[in-house]
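Beneath this line is the structure, given in structure tokens, with notes to follow.
Owing to the predicted nature of the structure, the values given are computational and were not obtained by experimental measurement. Throughout, protein chains are lettered first and strands after them, A, B, ... in sequence-line order, and every chain is numbered starting at 1.
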Amino acid sequence: MAQKTKLAADATAPAPGKLLKPAFFARSVHAVAPDLIGATLLINGVGGLIVEVEAYHHTDPAAHSFRGLTPRNRVMFGPPGFAYVYRSYGIHWCVNFVCEEEGSAAAVLIRALQPTHGLAAMRRRRHVDDERALCSGPGKLTEALGITDAQNGRRLDAPPFALFARTENVEIASGVRIGITKATELPWRYGWKGSRYLSKPFP
DNA sequence: CTCTTGATCTTCT
DNA sequence: GAAGATCAAGAGC
């Protein structure tokens with residue numbers, strides 16, 4: 001029977017822009033982070049528009065790299081353009097993009113996506129139907145995209161990853177980071193102002 | 001809507 | 001032994 005479809009988000013997914021190469025990440029993490037808002041992140045064809053990120057740097061007490069190299073954070077200390085995946089609260093995975101240069105130990109935590117590609121796969125993995133609940137948090141989006149430590153240390157410009165520059169004008173908001181207990185005053189959370197897909201709205 | 005709590009594992013003290 | 005870059009469910013308003 002004729003029924004209104006909810007597949008429009010897949011059908012109308014915006015044409016991705018230019019493929020982001022390591023040079024894009026070889027800049028200050030505070031320059032890269034806002035430039036990632038509106039970029040398209042895909043893993044095996046599943047993903048969406050990045051709408052929220054946070055910046056971390058080895059000089060920042062809230063960063064995993066603050067106390068030096070460990071087995072967990074070793075990818076953060078490597079070259080830019082790679083994925084750093086870590087276990088959060090023993091349950092979730094979170095994904096970062098390494099920035100700056102080797103030894104800089106700077107990375108951008110990907111916190112929320114606006115789903116555009118592969119929503120059926122996301123719903124299957126997340127066991128929820130609401131589009132706004134699929135990728136509106138760092139642990140949610142890794143579950144929706146199937147990211148685990150199997151992707152830790154993988155380069156971002158080759159399969160299974162695909163990352164494309166934004167193609168539209170985006171109004172960027174910034175504010176304090178979420179869920180941390182150190183350096184809570186630093187305004188290093190960046191997002192797509194007014195997006196319905198944020199983990200939390202900007203004030 | 002807000003607040004509280006349990007789940008569960010890695011790292012560091 | 002405690003804390004942590006989280007999430008979902010349940011209670012209360």
task: Look at the side-chain N and O atoms of A:H92 and state whether any lies under 4.0 Å from the OP1 or OP2 oxygen of C:dC7.
output: no

message: Applying the Watson-Crick and G-U wobble criteria at under 3.5 Å, what pairs with C:dA5? Answer none if nothing qualifies.
response: none

message: Distance check needed: C:dC7 C1' versus A:L198 CG, whole Å only.
response: 17 Å

field: Row check, A:Y190 ring normal vs A:R177 NZ/CZ: under 6.0 Å, within 45°
entry: no

field: Interatomic distance where NE2 belongs to A:H64 and P belongs to C:dA3 [whole Å]
entry: 16 Å

- prompt: Of the nucleotides C:dA5, C:dA8, B:dC9, which one has an atom closest to the side chain of A:L109?
  reply: C:dA5

query: What is the distance from atom CE of A:M122 to atom NE2 of A:H117, rounded to the nearest 0.5 Å?
result: 9.5 Å

message: I'd like to know if the side chain of A:S28 pairs up with that of A:H30 as donor and acceptor (distance under 3.5 Å, no hydrogens or angles considered).
response: no

- request: Have a look at A:R72 and say if it touches a base, only the backbone sugar-phosphate, or nothing, with a 4.0 Å heavy-atom cut-off.
  value: sugar-phosphate

- request: Report the distance from atom CZ of A:R177 to atom C1' of C:dT6, rounded to the nearest whole Å.
  value: 16 Å

Atom pair distance, as rounded to whole Å: CG in A:L134 and C1' in C:dA8: 15 Å

- prompt: Looking at A:R87, does any N or O in its side chain come under 4.0 Å of the phosphate oxygens OP1/OP2 on C:dA5?
  reply: no

message: Side-chain N or O of A:K182 versus OP1/OP2 of C:dA5: is the shortest distance under 4.0 Å?
response: no

message: By nearest atom, which of the nucleotides C:dT6, B:dT11, B:dT13 is closest to the A:T70 side chain?
response: B:dT11

- line: Here the distance between atom C1' of B:dT8 and atom OH of A:Y86, to the nearest Å, is 15 Å

field: Donor-acceptor pair under 3.5 Å, A:Y89 side chain vs B:dA7 base
entry: no

- prompt: Within this structure, what is the CE-to-C1' distance between A:M76 and B:dT10, rounded to whole angstrom?
  reply: 16 Å

task: Take atom CD of A:E143 and atom C1' of B:dA7, then tell me their distance rounded to the nearest Å.
output: 14 Å

message: Is the phosphate of C:dT6 approached by A:S199 (side-chain N or O, under 4.0 Å from OP1 or OP2)?
response: no

- prompt: Does B:dT8 have a Watson-Crick or wobble mate here (both distances under 3.5 Å), and if so which one?
  reply: none

query: Side chain of A:K140: nearest nucleotide among C:dA5, C:dA8, B:dT11?
result: C:dA8

task: Scan side-chain atoms only and decide if A:Y197 and A:E52 contain a donor-acceptor pair under the 3.5 Å cut-off.
output: no

- request: May I ask you to say what A:G139 touches in the nucleic acid, namely base, sugar-phosphate or nothing, with a heavy-atom cut-off under 4.0 Å?
  value: sugar-phosphate

message: Do A:P22 and A:R155 make a side-chain contact, defined as non-hydrogen atoms from C-beta onward lying under 4.5 Å apart?
response: yes

- request: Cation-pi check, A:R27 to A:F24: give yes when NZ or CZ is under 6.0 Å from the six-membered ring centre and within 45° of the ring axis, no otherwise.
  value: yes

task: With heavy atoms under 4.0 Å as the rule, sort A:R126 into base, sugar-phosphate or nothing.
output: sugar-phosphate

task: Provide, to the nearest angstrom, the distance between the CG atom belonging to A:N152 and the C1' atom belonging to C:dA5.
output: 15 Å

- request: Answer with base, sugar-phosphate or nothing: what part of the nucleic acid does A:I91 contact at a heavy-atom distance below 4.0 Å?
  value: base

